[in-house]
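Written out below as structure tokens is the structure these notes cover.
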There are 2 protein chains.
Amino acid sequence: MDEKEQLDHVRERVIETIANNMNLYGVTDSIGRLYGMLYFQNHPMTLDEMKEELGMSKTSMSTSIRHLLELKMVEKVWKKGTRKDLYKAEEDWHQTFIDLFTIKWRSGISMNISAMSRAIAELEKIIESEDLGEEVRTAAKTDIEKMNAALQYYEWLNRLVDSFESGKIFDFIPKENNKE
Amino acid sequence: MDEKEQLDHVRERVIETIANNMNLYGVTDSIGRLYGMLYFQNHPMTLDEMKEELGMSKTSMSTSIRHLLELKMVEKVWKKGTRKDLYKAEEDWHQTFIDLFTIKWRSGISMNISAMSRAIAELEKIIESEDLGEEVRTAAKTDIEKMNAALQYYEWLNRLVDSFESGKIFDFIPKENNKE
DNA sequence: CAGTACGTTCAGTTTATTCTGTACGTACAT
DNA sequence: ATGTACGTACAGAATAAACTGAACGTACTG
């Protein structure tokens, strides 16, 4: 068997594994495959080249790349002389991981925090009502407790994401493992 | 307006927010809603009660609960006297977060690590071939480099998940925030 | 000013996922 | 044993997501 073929075959298998893994990040297989392909390509690619390489429509390449751009897994590259847009894969996966978390989680967290806070305030107002059945008051109180617990969690999560974003997480879990 | 209604309304809104957020964890809306509902219910529930409460089929409840069980977001509760299965929501969200990560990521990580390792070994074997075009050799070498970088990332991720699973992450990011 | 080479929007189609109702198996009760 | 109450497998229907090709807008080219 030809070595070039072997090489391609190994590459493809690895790309498939990467794509598969990227499901965990909330990314579809085909977008994952696109990323994997770009990662092993040693030069930025145009949409047409991607389309060619993956045998998919240009539309798909366009939307997939946009998706990857939003997640900062891919960046646009400028090259004079060509009118086509060029894209390359972000190579630092630690950074990719962090960006992904930051982008996807941050807004969700803050939405939850504000929703919980608002809800707690409303429940506290309800509790103040004079004419209130005892069982309703108890229910409101336990709800408030649960929401406070949730709030505490979201704030913890926020601090976790902070430590990702600032890179401080690497003080705690270093990129290089010295231990073994 | 009746206070009981208000209470229910607030609760529902919060549940909706939670469900929405759980998308980030790779869980569908309706499963998220089921979890949220269970979280605010102050007693374990049967499948029939859930079905009633959410207005969905019992089949859905059964499969959704199984899903939540797998993620350890819900646990089965025993109560003598009834033949029905009872389920309650895991209340500690920090723990839930950790379990989720551990369960969903661990296997993916190790699959990737082994896939990468195997691929690297194969490429190194290819490089050893005497009759090998120079450009193929170079390509193989850069691929190996990229795979090594990926490997380093996965090992980092594994150590991160370790710190979640062991609870050591809380030494670094404490559950209670003392700072502000 | 055409003319061409791009990327992207949009509507329709295909494919995958979620949801439901019926049917089934098991375990307990009588 | 017979009946009943439960959870779940399974197949089909409803819903959502991914993918495509044609049409469009923009920007560069001659």
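In what follows, chains are A, B, ... by sequence order, proteins preceding strands, each numbered from 1.
- Classification of B:D162 and B:R106 as a salt-bridged pair holds, one side-chain N sitting under 4.0 Å from a carboxylate O.
- Near DNA chain C, meaning a heavy atom under 4.0 Å away, there are no residues from residues 15-26 of chain A.
- Rounding to the nearest 0.5 Å gives a distance of 11.0 Å between OG1 of B:T96 and NZ of B:K72.
- Of the side-chain N and O atoms in B:S57, none sit less than 4.0 angstrom from OP1 or OP2 of C:dG21.
- With respect to the salt-bridge test (charged N to carboxylate O, under 4.0 angstrom), the residues A:K4 and B:E135 do not qualify.
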Exercise. Hey, mind stepping through B:N23 and B:D29 against side-chain hydrogen bond (donor to acceptor under 3.5 Å, both in side chains) and telling me if it holds?
Worked result: CA-CA 7 Å; B:N23 285 332; B:D29 268 44; 3.2 Å; yes
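- Taking atom CD1 on B:I31 and atom P on C:dT17, their separation rounds to 13 Å, with Å as the unit.
- Distances from the side chain of B:T28 to the nucleotides C:dT18, C:dC19, D:dC19 place C:dT18 closest.
- At a threshold of 4.0 Å, the pair B:E3-A:R137 does not count as salt-bridged, since none of the basic side-chain nitrogens sits closer than that to a carboxylate oxygen.
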Which protein N or O atoms sit under 3.5 Å from an N or O of nucleotides 6-13 of chain D?
residue : atom : partner : partner atom : Å
D:dG7   : OP1  : B:D85   : N            : 3.0
D:dG7   : OP2  : B:K58   : NZ           : 2.9
D:dT8   : OP2  : B:S62   : OG           : 2.7
D:dA9   : OP2  : B:R66   : NH2          : 2.9

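- Rounded to an integer number of Å, the gap from CE of B:M61 to C1' of C:dG21 is 14 Å.
- Taking atom CG on A:D29 and atom C1' on D:dC19, their separation rounds to 14 Å, with Å as the unit.
- The nearest whole Å value for the distance from the NZ atom in A:K51 to the P atom in C:dT8 is 15 Å.
- Under the salt bridge (charged side-chain N to carboxylate O under 4.0 Å, His left out) criterion, the residue pairs touching residues 42-60 of chain A are A:D48-A:K58, A:D48-A:K84, with sequence neighbours excluded.
- Between the side chain of A:W105 and the backbone N or O of B:L24 there is no donor-acceptor pair closer than 3.5 Å.
- Not a single donor-acceptor pair under 3.5 Å links the side chain of A:K175 to the backbone N or O of B:Q152.
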